[in-house]
Amino acid sequence: MAFASYFCATIAMLREINALIWKEVVLEWRQRYAFNGLLLYIGSTIFIAYLSFQTYNQSLSSATWNVLFWIIILFAAVNAIAKSFIQESSGRQLYYYTLARPESIIISKVIYNAALLLVIALLGFLLYSLVLGNPVEQLSLFILGIVLGSIAFSSSLTLISGIASKTANSSTIMAILAFPVLVPVMLMNIRISWNAISGIPISDSTTAIYGLVAINLIMIAMSFLLFPYLWRS
């Protein structure tokens, strides 16, 4: 009897998550200026970097290429995910509170933000490679780093956005809370990408890969457990 009740609750939550993800997609489609703005930011940043190196006749080393790419993706992630809860009015949040479980709301936002950031990162990588070259030797490892990094940015920034939305100065609080979480994520992403650029076997990247997976699991579990208490406030 308990198993049947748990199974029914799980199915209901999955339906809520699916409906909430579709809601996010519809809202993003209606407000395409936000997505187009992110693409414009990435494109303009890459083009400015290209002009800067061309103007001073400086060659772009692989290490600089790697770090610059992840800095661009980091700022794109912050701009894309910061609006998850900060832009939501109190009335809309109360409306969501009456319709769905808080666990469904936070998980749906994490999934949607991860998918959105993955699309942005892949498009950015394509444009970045066309303009500044592509020194990556192990493309599969580099793409794996992008996928894990997108999920890590999404899971951490979504929860931080929910926390910051409950404060008066949400933008400042989000920057303060995000810094200690994003630093290890950035370092592990840079390490994985550097191994992919250098052609180092994937076995030498397992520590960083497991570290990103652990961060993803911890942040998702924290979101699932802590967000309901935050949501009730």
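Numbering of residues begins at 1 and proceeds along the displayed sequence.
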- request: Could you tell me the separation between the CE atom of M186 and the CG atom of L74, rounded to the nearest 0.5 Å?
  value: 5.0 Å

query: Nearest 0.5 Å, what's the CG-CD1 distance between L139 and I197?
result: 11.0 Å

query: Using links of under 4.5 Å between side-chain heavy atoms of ILVMFWY residues, direct or through other members, which residues join L187 in one cluster?
result: F179, V183

field: S223: which of I105, I218, I106 passes side-chain contact (heavy atoms from CB on, under 4.5 Å)
entry: I106

message: I'd like to know if the side chain of T64 pairs up with that of S61 as donor and acceptor (distance under 3.5 Å, no hydrogens or angles considered).
response: yes

- prompt: Only one of I111, I81, I220 forms a side-chain contact (heavy atoms from CB on, under 4.5 Å) with T158, so which one is it?
  reply: I81

- request: Take the angle between the ring planes of W65 and F142 and call it parallel below 30°, perpendicular above 60°, tilted in between.
  value: tilted

- prompt: Can you list the steps and then say if N113 with L117 is a side chain to side chain contact (heavy atoms under 4.5 Å, CB included)?
  reply: CA-CA 6 Å; N113 288 333; L117 186 55; over 6 Å; no

task: Show your working on side chain to side chain contact (heavy atoms under 4.5 Å, CB included) between F125 and N134 and close with a plain yes or no.
output: CA-CA 9 Å; F125 173 62; N134 185 5; 4.0 Å; yes

field: Under 3.5 Å: donor-acceptor pair, side chain of E16, backbone of R101
entry: yes

- request: Quick one: closest heavy-atom pair of A80 and L116, and the distance?
  value: CB-CD2, 4.4 Å

message: Checking L182 against L157 for the side chain to side chain contact (heavy atoms under 4.5 Å, CB included) test, could you report, in this order, the C-alpha distance in whole Å, the side-chain angles of both residues, the deciding distance, and whether it holds?
response: CA-CA 9 Å; L182 296 181; L157 289 175; 3.9 Å; yes

query: Do side-chain atoms of N216 reach the backbone of A152 as a donor and acceptor pair under 3.5 angstrom?
result: yes

- prompt: Taking C-beta and beyond as the side chain, do I215 and M188 meet within less than 4.5 Å on heavy atoms?
  reply: yes

field: V181 to I160 - nearest heavy-atom pair and separation
entry: CG2-CD1, 4.3 Å

- prompt: Are the side chain of S44 and the backbone of L40 linked by a donor-acceptor contact shorter than 3.5 Å?
  reply: yes

task: Give the minimum heavy-atom separation between L20 and S108, together with the two atoms involved.
output: CB-OG, 3.4 Å

From CD1 (I209) to CZ (R191), nearest 0.5 Å: 10.0 Å

- line: Of all heavy-atom pairs linking S150 and L118, the shortest is OG-CA, 3.6 Å

- prompt: Which value, rounded to the nearest 0.5 Å, describes the distance between F153 atom CZ and L212 atom CG?
  reply: 9.0 Å

- request: Look up atom CG in L148 and atom CD1 in I143, then write down how far apart they are to the nearest 0.5 Å.
  value: 11.5 Å

- request: Indicate if I48 and L126 have the same hydrophobic cluster label, given that clusters are the connected sets of ILVMFWY residues with side-chain heavy-atom separations under 4.5 angstrom.
  value: no

Separation between OG of S205 and CD of Q138, rounded to the nearest 0.5 Å: 7.5 Å

- prompt: Do F53 and L130 belong to the same hydrophobic cluster, where Ile, Leu, Val, Met, Phe, Trp and Tyr are linked whenever their side-chain heavy atoms lie under 4.5 Å apart, directly or via other members?
  reply: no

- prompt: Honestly curious: do V213 and I146 fall in one hydrophobic cluster under the side-chain, below-4.5 Å linking rule?
  reply: yes

- line: Closest heavy-atom pair, W70 versus G145, reported as atoms and distance to 0.1 Å, is CH2-O, 3.8 Å

query: With ring centroids as reference points, do Y41 and F75 lie under 6.0 angstrom apart?
result: no

task: Check the hydrophobic clustering (I, L, V, M, F, W, Y; side-chain heavy atoms under 4.5 Å; chains of links allowed) and say if L144 and L122 are grouped together.
output: yes

- prompt: Applying the 4.5 Å side-chain criterion to the ILVMFWY set and letting contacts propagate, would V26 and Y112 be lumped into a single cluster?
  reply: yes

- prompt: Looking at N66 and S193, what are the two nearest heavy atoms and their distance?
  reply: OD1-CB, 3.0 Å

message: Tell me if the aromatic rings of Y50 and Y128 count as close, with their centers under 6.0 Å from one another.
response: no

